[in-house]
Asks: 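My questions will all concern the structure given below.
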Amino acid sequence: MDKRVIAAYKKLLAQFGSQFWWPADSDYEVVVGAILTQNTNWRNVEKAISNLRAAHKLNEKAILEIGNSELETLIRPSGFYKQKAARLKLATRKWMELSRRADRMPIADLRAELLSVKGIGKETADSIILYAFHKPIFVIDAYTRRFCKKFFDVEFRKQDYDEYRKLFESALPPDVALFKEYHALIVEWGKNNGN
DNA sequence: GGCCAGGTGTAAA
DNA sequence: TTTACACATGGC
C-alpha cells in the first residue's frame with residue numbers, strides 16, 4: 001500500500017501540478033475558512049469571507065468584538081450561519097490561545113485542544129493543524145474518501161476517520177509541504193472528476 | 001426544481 | 001456503538 005500511496009501522489013502531481021493551497025492570505029483566515037466550509041461548497045465560503053474582508057472583520061480581534069447578529073449576516077452565504085457564527089468565535093479564542101504555545105506542543109496535544117472546542121471536529125482540527133499551524137497531519141475529507149475508494153479500492157466507514165489518516169501517514173514521511181500538497185491535489189482531482 | 005457541498009453535535013435505539 | 005437528524009445557503 002505504501003508504494004501505491006506514493007505512486008498516486010506522483011500521478012496527481014504530474015496531472016495537475018503544484019497547487020499552493022489552502023487559499024488564504026493569513027493563517028487565521030485558514031481557521032475561518034475551516035469553520036465556514038463545513039458541509040458547504042467553497043464558493044459559498046468565498047462569499048462569506050469576502051463579506052468579512054469588505055467589512056474589515058477578517059481578523060481575530062474584530063471577530064471577537066462583533067455582535068452575533070452582525071456576524072451572522074456577514075457569513076450568511078456559507079450556510080448554517082447561526083451555528084457557524086457562534087462556533088467561529090469559540091474557535092477564534094482557542095486559536096489565539098494555542099498560537100502562543102503551539103510550537104512547543106506535540107501534535108497530539110494540539111489536536112486534543114482543538115477537538116475540545118464545540119464546532120471543531122477531526123477534519124476541521126486537522127485542517128487547522130496542517131494549514132494554519134503548519135504541522136504535519138493528514139487531512140481527510142469527502143474527496144479523500146472518494147479518492148481512496150477509486151485509487152486504492154479502500155473504503156472505511158466515515159466515522160473511522162483515523163483509519164484513513166493512518167493510511168496516508170504510515171506511507172509518507174511527516175513532511176508539512178508534502179501533506180499540504182497531497183491533500184490539495186486530491187481536492188483538485190475531486191473537483192475535476194467528481195468520482 | 002431537486003440535489004448536495006472540503007462536517008459537527010446531539011439524541012435515541 | 002451505531003444510526004438519525006438538525007443545521008441553511010447558493011450553484012448547477
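By convention in this document, chain letters (A, B, ...) are assigned in the order of the sequence lines, proteins followed by strands, and residues within each chain are numbered from 1. Keep in mind it's a predicted model, so treat the numbers as computed, not measured.
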Asks: In sequence, state the C-alpha distance, the side-chain angles, and the governing distance for A:E72 and A:K82, and then conclude on salt bridge (charged side-chain N to carboxylate O under 4.0 Å, His left out).
Replies: CA-CA 6 Å; A:E72 287 167 11; A:K82 290 192 175 182; 5.1 Å; no
Asks: Can A:K180 and A:H134 be said to form a side-chain contact (heavy atoms from CB on, under 4.5 Å), step by step?
Replies: CA-CA 9 Å; A:K180 286 180 180 176; A:H134 310 287; 2.7 Å; yes
Asks: Going by an N to O cut-off under 4.0 Å, is there a salt bridge joining A:D141 and A:K191?
Replies: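 Between A:K191 and A:D141 there is no salt bridge, as every charged N stays at least 4.0 Å from the carboxylate O atoms.
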Asks: Between B:dG6 and C:dC5, how far apart are the two P atoms, rounded to whole Å?
Replies: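 Result for the P pair: 24 Å, nearest Å.
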Asks: Which nucleotide in the list B:dG6, C:dG10, B:dG7 gets nearest to the side chain of A:K191?
Replies: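 So the side chain of A:K191 is nearest to B:dG6.
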Asks: Which whole-number value in Å describes the distance from A:E123 CD to B:dG9 P?
Replies: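 About 12 Å, once rounded to whole Å.
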Asks: Round to the nearest Å and state the distance from A:Y81 atom OH to B:dA5 atom P.
Replies: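 Going from A:Y81 (OH) to B:dA5 (P), I get 22 Å.
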Asks: Looking across every strand, which nucleic acid part, if any, lies under 4.0 Å from A:S78 by heavy atom: base, sugar-phosphate, or nothing?
Replies: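 The residue A:S78 makes no contact with any strand.
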Asks: Expressed in angstrom and rounded to an integer, what is the separation of A:L114 atom CG from B:dT8 atom C1'?
Replies: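 From A:L114 CG to B:dT8 C1': 15 Å.
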Asks: Would you indicate which nucleotide in C:dT2, B:dT8, B:dG6 comes nearest to any side-chain atom of A:R157?
Replies: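 For A:R157, the side-chain atoms sit closest to C:dT2.
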Asks: Do NZ/NE/NH1/NH2 and the carboxylate oxygens of A:E97 and A:R93 come within less than 4.0 Å?
Replies: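 Salt bridge between A:E97 and A:R93, a charged N being under 4.0 Å from a carboxylate O: no.
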Asks: Check whether any side-chain N or O of A:R76 sits under 4.0 Å from OP1 or OP2 of C:dT9, and answer yes or no.
Replies: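 Looking at the OP1 and OP2 atoms of C:dT9, one of them is under 4.0 Å from a side-chain N or O of A:R76.
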Asks: Looking at B:dG6 and A:Y143: do their rings stack (centroid distance under 5.5 Å, interplanar angle under 30°)?
Replies: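 A:Y143 vs B:dG6: stacking no.
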Asks: Are A:R101 and A:E113 within salt-bridge range, i.e. N to O under 4.0 Å?
Replies: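 Salt bridge: yes.
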Asks: Quick check on DNA chain C: between A:N39 and A:R43, whose nearest nucleotide comes earlier from the 5' end?
Replies: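 Closest to the 5' end, via its nearest nucleotide, is A:N39.
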Asks: In whole Å, measure the gap between the P atoms of C:dG10 and B:dT8 for me.
Replies: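 Roughly 22 Å separates the two P atoms.
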Asks: Could you state the atom-to-atom distance from CD of A:Q38 to C1' of B:dC4 in whole Å?
Replies: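 Nearest whole value for this atom pair: 16 Å.
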Asks: Check every atom of C:dC7, C:dT9, B:dG6 against the side chain of A:P77 and return the nucleotide holding the closest atom.
Replies: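 It is C:dT9.
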Asks: Heavy atoms only, 4.0 Å cut-off, all strands: where does A:K84 land among base, sugar-phosphate and nothing?
Replies: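 Answer is nothing: A:K84 stays at 4.0 Å or more from every strand.
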Asks: Do you see a donor-acceptor pair shorter than 3.5 Å between the side chains of A:N192 and A:E188?
Replies: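 Result is yes, a qualifying pair exists.
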Asks: If you check the A:K118 side chain, which of B:dG6, B:dG9, C:dT2 turns out closest?
Replies: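 Shortest atom-to-atom distance from the side chain points to B:dG9.
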Asks: Given that A:W42 and A:L115 both sit by DNA chain B, which one's nearest nucleotide is further toward the 5' end?
Replies: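 Of the two residues, A:W42 wins.
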Asks: So what does A:I120 hit on the nucleic acid, given a heavy-atom distance under 4.0 Å: a base, only sugar-phosphate, or nothing?
Replies: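 It contacts sugar-phosphate atoms only.
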Asks: Can you see if the side chain of A:T124 gets near the phosphate of B:dT8 - specifically, an N or O under 4.0 Å from OP1 or OP2?
Replies: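 Yes.
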Asks: When the distance from CH2 of A:W22 to C1' of B:dG6 is rounded to whole Å, what number comes out?
Replies: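 My rounded result for the distance is 7 Å.
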Asks: In whole angstrom, what separates A:L185's CG from B:dG6's P?
Replies: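 To the nearest whole Å, that distance equals 16 Å.
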Asks: Taking only the side-chain heavy atoms of A:F80 (C-beta and beyond), determine which of B:dT10, C:dT9, C:dC7 contains the nearest atom.
Replies: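 Given the options B:dT10, C:dT9, C:dC7, the side chain of A:F80 is closest to C:dC7.
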Asks: Using whole Å, what does the distance between atom P of nucleotide B:dG6 and atom CZ of A:F138 come to?
Replies: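 Result: 17 Å.
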Asks: Which nucleotide wins on minimum distance to the side chain of A:N44, given the candidates C:dT9, B:dG6, B:dT8?
Replies: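 From the listed options, C:dT9 comes nearest.
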Asks: Check the distance between B:dC4's C1' and A:K158's NZ and give it to me in whole angstrom.
Replies: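 The distance from NZ of A:K158 to C1' of B:dC4 comes to 12 Å, rounded to the nearest Å.
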